[in-house]
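Below, read A as the first sequence line, B as the second, and so on, with proteins coming before strands; counting in each chain starts at 1. Side chains are part of it too, since the values below use all heavy atoms of this structure and drop only hydrogens, waters and symmetry mates.
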Protein chains: 2
Amino acid sequence: MLEYIMAKREYELGSAEFQILKALWEKGPSPVRDVLTHLHERGRNVAYTTVQTLLTRLEQKGFVASDKSGLAYVFRATLSRDRVRKSRIKSLVSQLYDGAAAPLVLQLIRSGSFSEDEIKSLQQMIDELDTSDDGSKS
Amino acid sequence: MLEYIMAKREYELGSAEFQILKALWEKGPSPVRDVLTHLHERGRNVAYTTVQTLLTRLEQKGFVASDKSGLAYVFRATLSRDRVRKSRIKSLVSQLYDGAAAPLVLQLIRSGSFSEDEIKSLQQMIDELDTSDDGSKS
DNA sequence: CTGTTCCTACTACACGTGTCGGAGAGAGCC
DNA sequence: GGCTCTCTCCGACACGTGTAGTAGGAACAG
């Protein structure tokens, strides 16, 4: 079994680009203006053209698609947030722990990253995991 | 509630730089040549001077220190691997899940990242977590 | 029509990062 | 004493990414 040697490049996103995607995930398909507004609302002050550039680049990379609808182009993410999250996590785990996920969780536990409620949920989830047996794959 | 908007810069490391650090963590303090060899052994073919540049930059950033010992400088990491891991994880969690760690674990669970043994260990760790109470913080 | 507004298309530019090459100084070998 | 090997020091360069200005067309207000 080859598994993955290096988490294969993953989705190449800069952090500004990522934030754009986030906006699209949260607001759904939007024109430049709306994405900009969204960002401004979260305290991220960038210029209109900056957002546009980012959106364009994202589109070139295939992470976003656009349709001319009326006055302006409407952009939408072509990747699900989950997919990107998954990829990112995998990449991190691979980089930090050579692919072993458990140490990551251990680390989180040790650094007190969970609230009591979360701990309870986790217990439950893990218990279920133990019994349930869906062999879903990537 | 301000929380943290952006996980504060963290340790700024490029992936090539990170690999250098990794080498130092794994082999302990080493001169350029040894780091290079280490990298070559893992199939990473870079030039001697590349490694040197990286080491130098790392030193400028304060992540590495060096001492002239005999012929060549010996470099050593000034950050623990754990510290960097922690920072990286925090940064990821902040970016992907607005700081909530539990969803990350959920994601790992859903994508079948754990072996049975790991699940068992996790159960145990989390159970302990529930009772033990060290309020350690970052 | 005409001025204002809004959008897109280009172009630009500074930085960080990955990658090296060449010049020069010591250490050793013959 | 030179030749060679190995370091270190600098300088360089291509790319990716973040950020934005400007030009020019389209739409809309009067």
Side-chain angles (χ1 to χ4, degrees), chain A residues 6 9-24 29-40 42-76 84 88 91 95, chain B residues 5-24 29-40 42-76 84 87-88 91 95:
Chain A
M6 276 290 295
R9 267 253 139 299
E10 80 164 314
Y11 303 112
E12 289 284 3
L13 295 172
S15 85
E17 292 177 334
F18 188 76
Q19 284 176 53
I20 299 288
L21 271 186
K22 241 164 151 171
L24 292 181
S30 320
V32 178
R33 177 78 35 195
D34 290 6
V35 172
L36 179 67
T37 304
H38 185 82
L39 294 178
H40 282 174
R42 342 248 126 181
R44 177 139 188 66
N45 288 307
V46 285
Y48 183 95
T49 46
T50 298
V51 175
Q52 190 181 27
T53 301
L54 260 357
L55 245 2
T56 304
R57 288 184 185 163
L58 248 5
E59 185 165 28
Q60 282 162 1
K61 296 181 183 177
F63 302 150
V64 149
S66 65
D67 303 283
K68 184 86 168 188
S69 136
L71 323 167
Y73 281 99
V74 171
F75 296 84
R76 63 181 187 302
V84 174
R88 279 280 233 261
S91 159
Q95 209 184 16
Chain B
I5 314 292
M6 279 288 295
K8 210 48 179 161
R9 267 292 141 263
E10 79 163 315
Y11 302 112
E12 289 286 2
L13 294 174
S15 83
E17 293 176 332
F18 188 77
Q19 284 176 53
I20 299 290
L21 271 186
K22 243 165 150 170
L24 292 182
S30 320
V32 177
R33 178 73 41 190
D34 289 6
V35 173
L36 179 68
T37 304
H38 185 82
L39 294 178
H40 282 173
R42 343 249 126 182
R44 177 138 189 68
N45 288 306
V46 285
Y48 182 96
T49 47
T50 298
V51 175
Q52 190 181 28
T53 300
L54 260 356
L55 245 3
T56 303
R57 287 184 186 161
L58 248 5
E59 185 165 27
Q60 282 162 1
K61 295 181 182 176
F63 302 150
V64 149
S66 65
D67 303 283
K68 184 85 168 189
S69 136
L71 322 167
Y73 282 97
V74 171
F75 296 84
R76 64 180 187 297
V84 173
S87 152
R88 278 281 233 263
S91 159
Q95 209 186 15

Would you classify [X] as touching base, sugar-phosphate or nothing, given that sugar-phosphate means primed atoms plus P, OP1 and OP2, and contacts are heavy atoms under 4.0 Å?
X: B:Tyr48; result: base
X: B:Glu17; result: sugar-phosphate
X: B:Thr56; result: nothing
X: B:Ser15; result: sugar-phosphate
X: A:Arg57; result: base

[X] side chain to [Y] backbone, donor-acceptor under 3.5 Å:
X: A:His40; Y: A:Val46; result: yes
X: B:Thr53; Y: B:Thr49; result: yes
X: A:Lys61; Y: A:Leu13; result: no

Taking atom [atom2] of [N] as reference, at what distance in whole Å does atom [atom1] of [X] sit?
X: B:Leu55; N: D:dC7; atom1: CG; atom2: P; answer: 13 Å
X: B:Leu13; N: C:dC15; atom1: CG; atom2: P; answer: 21 Å
X: B:Glu12; N: C:dT17; atom1: CD; atom2: P; answer: 6 Å
X: B:Phe18; N: C:dG18; atom1: CZ; atom2: C1'; answer: 17 Å
X: A:Gln52; N: D:dG18; atom1: CD; atom2: P; answer: 16 Å
X: A:His40; N: D:dT19; atom1: NE2; atom2: P; answer: 11 Å
X: B:Gln60; N: C:dG18; atom1: CD; atom2: P; answer: 14 Å
X: B:Tyr73; N: D:dC7; atom1: OH; atom2: P; answer: 14 Å

- Message: Rounded to the nearest 0.5 Å, what separates atom CG in B:Leu58 from atom OG in B:Ser66?
- Response: 11.0 Å

- Could you state the interatomic distance from CZ (B:Phe63) to CG (B:Leu24), rounded to the nearest 0.5 Å? 13.0 Å

- Message: Is there, by distance only and without an angle test, a donor paired with an acceptor across the side chain of B:Thr50 and the base of C:dG18 below 3.5 Å?
- Response: no

- Message: Between A:Lys68 and D:dA26, is there a contact of a side-chain N or O with OP1 or OP2 at under 4.0 Å?
- Response: no

- Query: Any side-chain N or O of B:Arg44 under 4.0 Å from OP1/OP2 of C:dT19?
  - Reply: yes

- Assert: residue with more 5' nearest nucleotide on DNA chain D, out of B:Arg33 and A:Leu54, is B:Arg33

